[in-house]
Protein chains: 2
Amino acid sequence: MRFETSTIKDIAKALGLSTSTVSRALRDRYEISEETKKLVLAYAEKVNYRANPIARSLKERRSYSIGIIVSEIANNFFSQVINGIESIAYDRDYHVIISQSHESYKQEKLNVEHLASRSIDGLLIALSSETQDISYLRDLYAKGLPIVFFDRVPEDFETHKVIANNFKGAFDATEHLILSGKRVIAHLTNSENLSITKERLKGYQAALAKYHIEFKPELVKYCQHGGMHSAELEQAVKELLPLKPDGIFISSDRLTTGCIVALKKTNPEVAHKIAIAGFTNSNLVELFSPSLTSVKQPAFEMGQVATELLISMIEAKRPVTEFEIKILDTELVKMQKNIGNRFL
Amino acid sequence: MRFETSTIKDIAKALGLSTSTVSRALRDRYEISEETKKLVLAYAEKVNYRANPIARSLKERRSYSIGIIVSEIANNFFSQVINGIESIAYDRDYHVIISQSHESYKQEKLNVEHLASRSIDGLLIALSSETQDISYLRDLYAKGLPIVFFDRVPEDFETHKVIANNFKGAFDATEHLILSGKRVIAHLTNSENLSITKERLKGYQAALAKYHIEFKPELVKYCQHGGMHSAELEQAVKELLPLKPDGIFISSDRLTTGCIVALKKTNPEVAHKIAIAGFTNSNLVELFSPSLTSVKQPAFEMGQVATELLISMIEAKRPVTEFEIKILDTELVKMQKNIGNRFL
DNA sequence: AAAAAGTGTGCAAACGTTCCCAAAAACGTC
DNA sequence: GACGTTTTTGGGAACGTTTGCACACTTTTT
């Protein structure tokens, strides 16, 4: 801000004290007399003194801000995670800077490096679906930037991670479809790179196995761009339909909504005949037609937990060597009426 | 970031130059020899020099960051606006800090003041539905903080503003309902404080007037909290239904989706008999049941325009005294089939 | 009564930049 | 080769903090 505000110097001059004394009074350090402290505090209050965080950051070599990278904020899951992050961060006097990768590796790297050069104290990141090479993150980490991964985590990176119980979520959703009488269950999922893709695929396979349904690789469709392009989804749907699935298990928020749109757009007549169960945190699923069963992730909580872990790393006196992988349970929200009901 | 990176000083020492020379070479000032510039640039590249933005901010008394206040990022309209803002901001080397008011005046004020103390160079804000007293914004503005309002703008505040053509959007939506044969058209809207509420009400009234339908105040329901609490919406729906509306015009994104949820939850049997037209930027409306006609705002563009105006203010050499009010056209997306069709 | 310990304050350096001002180097002109 | 002019460089202050150290003063201990 260009406009002038009062500084420690101003206060010092006005009160006939030194800047150090004023600083100490404001920061409530031990070696300061009650009297001067009161005096300074009162005056600071009067002139509405606000410490300049930039100067403080420069001096302390930290910014009290944490960076967040998600693929997209216009996504119910991520925006809920962000709310969780903020709830903790603000309490602990950190502020957050949000960046979007739009599922692009290049954009992700660019944003992370931009944030790093902006002197963030730590980073919370869910990898983009394109990301395979995380060496740039390793470099930053090695240089001392605390990083906590959430949702989409790399396998071989020793730091805190917070994820949902993806295996169980996928298993539950698939089992639900099976118990509803479906037998040809397709799986529409994200890029193969992602941890969530692998875990959810395993859950899907396990459910099939439990009910002795053969796993058919051709029923699994991967979307490299996480459904960012509608063409990608329409293509997947087009390839899937000839295999006559009676159910689809979809493994991410964006894909789930995107898939229903694609189905209705390209094949409205079959859209209602296929049961859909998918990961989504949309609070609007009840409005959807065809209706769907959804796996809800504890997004808000995930944000909170990840932030607590990150702040503990930031504020740790010595390098952290013990890392946690927190796994949070998902919730299966079954649709209220029978599958494919047009009258919902 | 705690870890050490190379600084101008390091480069200067290594190259046997002074910091001023290095700084000039890096910043590509006119008074520097081609040769030294090349030398410095090459070395900087080699050691992967990154200017410390904090130090720069302190010196230049600006942060190259702009603050954004919206009520909620988990809202299609606002997240699209944010994408528009980012698209311009990043091009111009600003970064953005997003804050959410959650439709609370207190939270909004807190966030703005937090941002201001964080030395943002300018502010983009859509007021919360609770906000009536904007004197705190006036104070900051008077002190020199550039502010541009978008979407929800105050009446008596001389600065740039970017809004949608709310009157026309509301008129079109209401007229569409009338032309579909509806005669008892309710209006569910936001807090009366908001500019958008007033403008959209006028559009609604104008459409009624055009077709000689009497305006009935009891058909208008205000939601003070913008639909943040579902109870608020359910209450409004409950009060509206006895008046037997055959159409509802809803004036905001959150209210529109929220209202359909409330309708289906409280009165599923009538939900499909009422035609709904509402403001929303959801890309999922096609999935909704009951289906609805939507007024889409040019959210992305709104963000872009607002950001351009803000940056022009920030970078203006002399105080800006001529202000613009940009009004962007909305788009009416009619539902594909007849109103209330359960088979959509 | 002198020494030791404790308390409150100020001085000055540092964080990494930018930029004003002056000094030095390079160049041209007579 | 002395002079002015232009180009290039360096010195150092400043931005607003925090903090190690030293100093002065008071209180306690011996």
Side-chain angles (χ1 to χ4, degrees), chain A residues 1-41 43-44 47-65 93 116-121 144, chain B residues 1-41 43-44 47-65 93 116-121 144:
Chain A
M1 227 135 47
R2 321 122 143 36
F3 51 91
E4 73 307 318
T5 50
S6 47
T7 71
I8 282 195
K9 276 187 194 163
D10 299 336
I11 299 182
K13 198 178 295 173
L15 261 39
L17 294 168
S18 74
T19 58
S20 18
T21 305
V22 175
S23 171
R24 277 187 277 249
L26 290 169
R27 320 214 65 222
D28 199 19
R29 310 291 289 198
Y30 59 100
E31 358 84 306
I32 198 85
S33 77
E34 233 9 79
E35 209 175 344
T36 3
K37 186 154 70 184
K38 282 232 180 72
L39 185 69
V40 171
L41 256 29
Y43 187 80
V47 299
N48 192 29
Y49 169 79
R50 290 282 114 102
N52 181 328
I54 303 233
R56 195 150 113 90
S57 290
L58 181 61
K59 182 66 199 172
E60 296 191 356
R61 322 185 78 182
R62 52 180 303 201
S63 62
Y64 296 94
S65 65
D93 264 340
S117 82
R118 280 271 161 199
S119 308
I120 50 168
D121 293 342
Chain B
M1 224 134 50
R2 320 122 142 39
F3 53 89
E4 74 306 319
T5 50
S6 47
T7 72
I8 282 194
K9 275 188 196 162
D10 299 336
I11 298 182
K13 199 177 294 172
L15 260 36
L17 293 169
S18 73
T19 58
S20 10
T21 306
V22 175
S23 171
R24 276 187 281 248
L26 256 16
R27 319 214 67 222
D28 198 19
R29 308 291 291 196
Y30 59 100
E31 356 85 308
I32 195 86
S33 77
E34 233 7 78
E35 210 176 345
T36 8
K37 185 154 72 186
K38 283 232 180 72
L39 185 71
V40 170
L41 255 31
Y43 187 79
V47 299
N48 192 28
Y49 168 79
R50 290 282 116 103
N52 181 326
I54 302 229
R56 195 150 112 87
S57 290
L58 181 60
K59 181 65 200 175
E60 297 192 354
R61 322 186 79 181
R62 51 179 303 200
S63 62
Y64 296 93
S65 66
D93 266 340
S117 82
R118 280 270 161 199
S119 306
I120 50 168
D121 294 341

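Sequence lines set the chain letters: A, B, ... in the order given, protein chains first and strands last, and positions in each chain run from 1.
A straight line from NZ of B:Lys37 to P of D:dT8 spans 10 Å, rounded to a whole angstrom. Rounded to a whole Å, the NZ atom of A:Lys9 is 13 Å from the P atom of C:dC11. As a whole-Å value, the separation of A:Tyr64 OH from D:dT17 P is 14 Å. As a whole-Å value, the separation of A:Leu58 CG from C:dT18 P is 12 Å. The nearest whole Å value for the distance from the CG atom in A:Leu26 to the C1' atom in D:dG16 is 12 Å.
As judged by a 4.0 angstrom heavy-atom cut-off over every strand, B:Ile32 is placed among residues touching the sugar-phosphate backbone only. In this structure, A:Ser23 reaches the bases: a heavy-atom distance under 4.0 Å links it to at least one base atom across the strands shown. Contact annotation for B:Ser20: base contact, defined as any heavy-atom pair under 4.0 Å involving a base atom. The residue A:Ile54 sits apart from the nucleic acid: no heavy atom pair falls under 4.0 Å.
The two residues B:Ile54 and A:Ser119 come nearest to each other via the heavy atoms CG1-OG, 3.6 Å.
Ranked by how close their nearest DNA chain D nucleotide is to the 5' end, B:Leu17 and B:Glu60 are led by B:Leu17. Both A:Thr21 and B:Asn52 sit near DNA chain C, but only A:Thr21 has its closest nucleotide nearer the 5' end.
Put simply, the side chain of B:Thr36 reaches to within 4.5 Å of the side chain of B:Leu17, judged on heavy atoms.
Side-chain N/O atoms of B:Lys59 and base N/O atoms of C:dT18 include a donor-acceptor pair closer than 3.5 Å. No N or O donor and acceptor, one from the side chain of A:Ser57 and one from the base of C:dC15, sit under 3.5 Å apart. A donor-acceptor contact under 3.5 Å links the side chain of A:Arg24 to the base of C:dG10.
Residue B:Val40 is tested with B:Ile8, B:Thr21, B:Val22 for a side chain to side chain contact (heavy atoms under 4.5 Å, CB included); the sole match is B:Val22.
Ion pairing between a basic and an acidic side chain is recognised when a charged N comes within 4.0 Å of a carboxylate O; A:Lys38 and A:Glu35 show no such pairing.
In this structure, B:Tyr49 reaches the C:dT17 phosphate: one of its side-chain N or O atoms is under 4.0 Å from OP1 or OP2.
If you check C:dT9, C:dT17, D:dG11 against the side chain of B:Ser18, the one that comes closest is D:dG11. Among the nucleotides C:dG16, C:dG8, C:dT18, the one closest to any side-chain atom of B:Ile8 is C:dT18.
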